[in-house]
**Q** 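Quick one: the structure is below, and I'll ask about it shortly.
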Protein chains: 4
Amino acid sequence: MPKVVPDYRNQARETITESASKLIFKSGFQDTGMDEIARNIGVTKGTLYLYFPSKAALLAEACRRNMTILESTMQKAFDGDISKGIENFIVNELSLPDYVKFHWIVAMAEINKSPEIKKILVESYDGYVSILTSFISKLKKLGLVSNSPDPEIVAKKLIAFHNGILLSVMLGESAENAISLFREGVSAILQAPTPKP
Amino acid sequence: MPKVVPDYRNQARETITESASKLIFKSGFQDTGMDEIARNIGVTKGTLYLYFPSKAALLAEACRRNMTILESTMQKAFDGDISKGIENFIVNELSLPDYVKFHWIVAMAEINKSPEIKKILVESYDGYVSILTSFISKLKKLGLVSNSPDPEIVAKKLIAFHNGILLSVMLGESAENAISLFREGVSAILQAPTPKP
Amino acid sequence: MPKVVPDYRNQARETITESASKLIFKSGFQDTGMDEIARNIGVTKGTLYLYFPSKAALLAEACRRNMTILESTMQKAFDGDISKGIENFIVNELSLPDYVKFHWIVAMAEINKSPEIKKILVESYDGYVSILTSFISKLKKLGLVSNSPDPEIVAKKLIAFHNGILLSVMLGESAENAISLFREGVSAILQAPTPKP
Amino acid sequence: MPKVVPDYRNQARETITESASKLIFKSGFQDTGMDEIARNIGVTKGTLYLYFPSKAALLAEACRRNMTILESTMQKAFDGDISKGIENFIVNELSLPDYVKFHWIVAMAEINKSPEIKKILVESYDGYVSILTSFISKLKKLGLVSNSPDPEIVAKKLIAFHNGILLSVMLGESAENAISLFREGVSAILQAPTPKP
DNA sequence: CATGAATGAGTGTTCATTCAT
DNA sequence: GATGAATGAACACTCATTCAT
């Protein structure tokens, strides 16, 4: 890694963030030491402070990074065969390593500790809602969804259901069960007749 | 706090557990010090060790306590007007203090670190599934549910959906929105036609 | 134990001291808790403070007690067959439980911490020297000792040798080896011709 | 303390070990805090953990260090005028600082609590026996020792006697007395006629 | 830019001692 | 006289952060 490369700093930040991501979402934020993050990429603790002002800032960055990755995973799943998009998404997701597929829950545990983390999570949630909303709209145009009045509401239901299924997996539900529960639930939510308020 | 009360020890344990619950939910398990838990109820750190052998044991107890509260909230909701049971449940739940209703999300973050916590959470999950399963069976007999083959599967879907909605609330969704999303989602899941595998 | 007995306090002190002795010389002073000493005789910690002002005072008393016992053991050994007195002593001693035969070493480790303990140990040493000196004098009159000029000097040599042998046992020397080494050494010391200064 | 010295770490370890030795001898192992050891050399507690993984490891190192010093004192004494070797040894030894010459008595008090300490002490004892045994063999060839059958047995007697004399010094015997007792005792042990079993 | 020695505030836990009952 | 709940100062050990080199 030649040190004269113009965006050397950015590359270094990226290397560090990736190391932090992996370790944090494997062992939790508190149980991941700066030492460990540094050793993992062959530098020393002090170096991290050349690129991040504090551990909290590094967590925030790692969090952002993971949310972005997840968002693009979502985008990709929905770019393919539209009628299979949602199912593809969870199937792919469940095959990811634990530290990726559950990072979200790990991050939630930090939500009350730092307004910055809260902001990142809330923004990510809004991002997912938005991506999914436009996907639902497409489905609706194709007649694959009941004439529910508001795609955003459907999107929020699906996201909630998805997150709940992930929790069930953490609590011991098998991947097959989870996928089958998810498929049926999604179908029920999408096909439900317009509710009468 | 009169020391001659016969079950003084139990009351003391309860006081400590409640204090721990509140603080742990607010700041997370690792960031809540024994000092803080003690000071919060006007005793010193050493006193806590008269009632709990370790911080981990105290966490476990707090966890169990909150799970029990949630379980009895569930039971109560289902004992009333059967057609309103599920909705009642979330309405009641959302009115519980944050540190009760969200505590278990915080606990989830510890699930990989402590087998005892994992056991408590898994058992609680199984307990919820079982309570809800028998409730669904009743609904089915009353014809309030589609002829879905397996009440347990319906129960698991509902629990996942419910948990996901709670996460949404943590992420900023308002209680009204949450209740309305929940009502519609539950109805969709209950009324869904038998899936064809 | 009727509490009106006039020297109830003395009996209680004795009971406590004995409990402390056993535990202290089994596990060491620091590793024996007041709780343990109390529980061992079926009372609670607070009770000990009715009879001793501090743990240090209790240690001192226990120390004194043990020294006295050892002194009388010595006296007894030397009251019997005079020509076998010294060997009898170590044979008997080595058959005692570790916590009795090594209590001396345990106490030595505390010698720098408390002037009171130092005083007790020094006085005990002087006591042993004195007992042994008069025993040597008797042996001398019987012609069983070389005409060494000073029984006290012989006594001090024997005590040093004896203590050293005990240390060897702690370091792994077997009891048989120890006894045989002791017997030969004692004989050498007793029979040595008067040294020429 | 220049930090660029090549074996800075070794020097630092040595500094710490010496500080620990002094304090442990003075106050005992349990009563010497890491804080105290650190403050004594002008660093903070945390620093000690850069060089030793635990207090027990530091004790072990201090123990080893002192044993080595004693061993080399012994070697040196025996390399000089052979007929004066043993006496030289105790004279030299008694001039060492208290925390070196008595340290191992303090260590004995830990012998039942730590297998590592026990190993160090036993190995040191065996080392002393071995050094002294070969010295006795030399003396024997020179005719300076009675024809006692086994130099190792003589060595063990001498070591026991020596250790006992050290204890006497701890109990208040003056250095002169100790040296004179030791000289006479050694002479008696070396010159003793072969015992008849 | 990178190091790694050093820090210092923090952690959970223990335990001799006190005192209201 | 005896209890046992409570204390508080101590402990070994950790770790994010700093800074001279």
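So you know, we letter chains A, B, ... as the sequences are listed, proteins then strands, and number each from 1. Computed from a predicted structure; not experimentally measured. Worth knowing before you read on, the calculation uses all heavy atoms, side chains too, and leaves out hydrogens, waters and symmetry mates.
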**Q** Can you list everything that forms a salt bridge (Lys or Arg N to Asp or Glu O under 4.0 Å) with B:E18? Sequence neighbours excluded, please.
**A** B:K22

**Q** Taking side chain to side chain contact (heavy atoms under 4.5 Å, CB included) as the definition, give me every residue that meets it alongside A:T68, ordered by chain and number, with sequence neighbours left out.
**A** none

**Q** Please verify the inter-ring angle class for B:F25 with B:F102; under 30° counts as parallel, over 60° as perpendicular, anything in between as tilted.
**A** tilted

**Q** I want to check something: taking the side chain as every heavy atom from C-beta on, are A:D31 and A:I24 in contact at a cut-off of under 4.5 Å?
**A** no

**Q** For D:F52 and E:dA6, give me the distance from atom CZ to atom P, rounded to whole Å.
**A** 13 Å

**Q** Between D:K55 and A:G33, who's closer to the 5' end of DNA chain F by nearest nucleotide?
**A** D:K55

**Q** Sequence neighbours left out, what passes salt bridge (Lys or Arg N to Asp or Glu O under 4.0 Å) with D:K26? Give chain and number order.
**A** none

**Q** E:dT7 P sits how many Å from D:I16 CD1, rounded?
**A** 10 Å

**Q** Give DNA chain E the dot-bracket treatment, 5' to 3': Watson-Crick (N1-N3 with N6-O4 or O6-N4) or G-U (N1-O2, O6-N3) under 3.5 Å, [ ] crossing, | other strand.
**A** .||||||||||||||||||||

**Q** Pairs under 3.5 angstrom only: tabulate donor-acceptor contacts from the side chains of residues 57-67 of chain A to other protein residues two or more places apart or in another chain.
**A**
{"unit_1": "A:R65", "atom_1": "NH1", "unit_2": "A:E14", "atom_2": "OE2", "d": "2.8"}
{"unit_1": "A:N66", "atom_1": "ND2", "unit_2": "A:S21", "atom_2": "OG", "d": "2.8"}
{"unit_1": "A:N66", "atom_1": "ND2", "unit_2": "A:A62", "atom_2": "O", "d": "2.9"}

**Q** Grab the OH-P distance between D:Y8 and E:dG4 for me, whole Å please.
**A** 13 Å

**Q** Scan residues 34-49 of chain A against DNA chain E and write down, sorted by residue number, each residue with any heavy atom closer than 4.0 Å; if none is found, say none.
**A** A:V43, A:T44, A:K45, A:G46, A:T47

**Q** Are B:E36 and B:N40 side-chain neighbours, meaning at least one heavy-atom pair lies under 4.5 Å?
**A** no

**Q** How long is the span from the CD1 atom in C:I37 to the OG1 atom in C:T15, to the nearest 0.5 Å?
**A** 13.0 Å

**Q** Give the rounded distance in Å between these two atoms: CG of A:D31 and C1' of E:dT11.
**A** 13 Å

**Q** Quick check with a 6.0 Å cut-off and a 45 degree axis cone: is D:K55 positioned over the face of D:F29's six-membered ring?
**A** yes

**Q** OP1 or OP2 of F:dA5 versus the side-chain N and O atoms of B:R9: is any pair under 4.0 Å?
**A** yes

**Q** For B:L50 and for C:Y51, locate the closest nucleotide of DNA chain F by heavy-atom distance; then report the residue assigned to the nucleotide nearer the 5' terminus.
**A** C:Y51

**Q** Write down the distance between CZ (B:R13) and C1' (F:dA5), rounded to a whole number of angstrom.
**A** 16 Å

**Q** CD of D:Q30 versus P of E:dT13: gap in Å, rounded?
**A** 20 Å

